[in-house]
Amino acid sequence: MDIVNSLPNPAECSELIYDLSGHKFEPEVACDIWIRILDHKWFLSEKLGRDVGTKVAVLDYIENTGAVDEGLISSENAGLLKELGAKMVDQSIWETISESQPPKQIVGKRIVLPLTEVELAQKHGVTPPKTILFFGPPGTGKTHFVKAIAGVLGWWYIEISPSDLMVDGTHAIGANLKRLMEKARNLDEAVIFIDEFEEIAGSRDNASRLDKSITNELLKQVPLLKQYAKRLLLVCATNYIRELDAALLRPGRFDCIIPVGGLDDQGRRTIFEYYLSKTNNPDVDVDRILAMIPLFTPADIEYLFQRVTQVAFERELAQKEDYRLTTELFLQVMPKVRPSLNVDLINDFKEECREFTRY
Ligand SMILES: Nc1ncnc2c1ncn2[C@@H]1O[C@H](COP(=O)(O)OP(=O)(O)O)[C@@H](O)[C@H]1O
Ligand SMILES: [Mg+2]
């Protein structure tokens with residue numbers, strides 16, 4: 001049956017939605033909902049600039065239109081997605097990262113392709129990773145990469161901050177983590193991201209307030225996650241990999257441990273030009289500015305543009321005539337933005353790369 005072009009009968013509509021989402025609708029309302037879902041699929045495809053699958057459209061429709069609250073459906077997953085703050089991420093993030101920016105190539109080959117070229121991966125015995133750890137200095141784009149992965153896969157993005165797990169006190173982190181992972185295992189096609197991972201998984205020496213039970217809980221949850229057939233990724237990120245409990249870094253825990261470090265020239269240029277393209281009619285010597293910011297992270301470049309565009313905005317407001325962004329303005333603002341990276345940090349990071357990288 002061509003499910004997009006011919007309208008199924010009420011029972012079939014109900015069944016289709018159930019198969020795609022696990023949500024049960026009464027046949028009397030199912031056809032109406034089905035039409036709205038197809039509409040939503042079109043809307044979402046326009047918004048994201050790609051053809052989204054019917055399954056994604058169904059789940060996003062249910063998540064974002066309040067259909068659950070209207071009492072139209074009875075589903076655990078819709079409530080769960082809402083509770084966990086699941087979001088759909090724009091696919092364009094992946095495309096705006098330059099191919100040369102580490103670790104785009106590694107992430108593409110090792111994480112994205114085995115999950116999108118499933119049969120070929122199976123044929124060659126390649127197992128897609130389920131647990132990933134990103135490490136690297138602050139502002140280098142760890143969070144950005146996790147969002148980009150969710151976006152390019154078209155999966156749900158669920159961000160868990162350590163404070164979410166600590167709400168009931170540090171003694172309850174292990175229990176909260178367990179509850180979270182038990183819930184997450186009911187989902188399909190989701191990236192679960194724990195940021196600032198050292199906050200909950202620090203070693204006993206470095207974080208005395210934490211208990212070994214958190215590491216133990218993680219060590220229990222990881223194999224459970226791997227046994228599961230559902231398409232789930234647990235991604236953790238840390239600025240301080242040395243602070244993590246060594247037990248977590250041994251082989252068999254994280255499938256991939258991937259460094260996210262400084263930018264190369266092309267990576268810096270791509271990000272610079274991306275932000276520049278959003279400014280007013282700029283007249284800027286890009287090569288000259290780029291040569292001055294070799295130690296800037298993506299976050300520093302973003303901040304530089306925040307400062308520069310604010311000044312441009314204020315000047316036009318004061319002068320009441322069109323104000324173009326110029327090289328001179330960058331040169332004026334630049335001394336106020338300090339690079340996050342320095343030689344010591346880069347050397348430490350190189351050492352960490354040698355010691356911990358695995359994919
Ligand atoms: N190509 C890119 N790679 C990484 N970050 C980028 C890129 N383009 C823009 N950014 C921005 O730079 C910042 C990087 O910070 P973030 O991902 O939070 O770093 P981290 O998680 O490593 O501290 C984000 O605001 C992100 O949106
Ligand atoms: Mg981050």
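Every number for a ligand or one of its atoms is a count from 1 in the order of the listing. All values reported here derive from a predicted model rather than from experimental measurement. Position 1 is the first residue of the sequence, and the numbers go up from there.
Protein heavy atom nearest atom 19 (O) of ligand 1, with residue, atom name and distance: Gly141 N, 3.0 Å. Of all protein heavy atoms, the one closest to atom 9 (C) of ligand 1 is Tyr275 OH, 3.2 Å. With respect to atom 26 (C) of ligand 1, the closest heavy atom belonging to the protein is His144 ND1, 3.4 Å. With hydrogens left out, the protein atom closest to atom 5 (N) of ligand 1 is Pro298 CB, 3.2 Å, a heavy atom.
Here the side chains of Val58 and Lys55 are not in contact, with every heavy-atom distance at 4.5 Å or above.
Close approach to Glu302 involves these atoms of ligand 1, each under 4.0 Å from a residue heavy atom: 12 (O), 13 (C), 24 (C), 25 (O).
For Tyr323 and Arg315, the side-chain atoms include at least one donor-acceptor pair closer than 3.5 Å.
Ring centroids of Phe305 and Phe272 are separated by less than 6.0 Å, placing the two rings close together.
The two residues Lys183 and Leu80 make their nearest non-hydrogen contact at O-CD2, 3.3 Å.
Ionic pairing of Asp255 and Lys226 is present here: one or more N-O contacts between side-chain nitrogen and carboxylate oxygen are shorter than 4.0 angstrom. Between Lys87 and Glu159, no side-chain nitrogen of the basic residue sits less than 4.0 Å from a carboxylate oxygen of the acidic one, so the salt-bridge criterion is not met. Looking at Asp265 and Arg268, a side-chain N of the basic residue comes within less than 4.0 Å of a carboxylate O on the acidic one, giving a salt bridge.
When only interatomic distances are considered, the shortest N/O to N/O separation between Gly139 and ligand 1 falls below 3.5 Å. Residue-to-ligand polar distances place Gln101 within reach of ligand 1: an N/O pair is separated by less than 3.5 Å. In terms of polar-atom proximity, defined here as any N/O pair under 3.5 Å, Pro138 makes no such contact with ligand 1.
The aromatic rings of Phe145 and Trp94 lie perpendicular to each other, with more than 60° between the two planes, well past the 30° mark.
Considering each of Asn239, Thr96, Ile97, Thr143, the one bringing a non-hydrogen atom nearest atom 18 (O) of ligand 1 is Thr143.
No part of Tyr274 comes within 4.0 Å of ligand 1, judged by heavy-atom distances. In Ile271, the part holding a heavy atom less than 4.0 Å from any atom of ligand 1 is the side chain. Looking at Lys142 against ligand 1, both its backbone and its side chain come within 4.0 Å, counting heavy atoms.
At least one heavy atom of Thr140 sits under 4.0 Å from some atom of ligand 1.
When distances to the Mg ion (ligand 2) are checked against a cut-off of 2.8 Å, Thr143 contributes an N, O or S atom below that limit.
Going from atom CD1 of Ile37 over to atom OG of Ser21 covers 7.0 Å, rounded to the nearest 0.5 Å.
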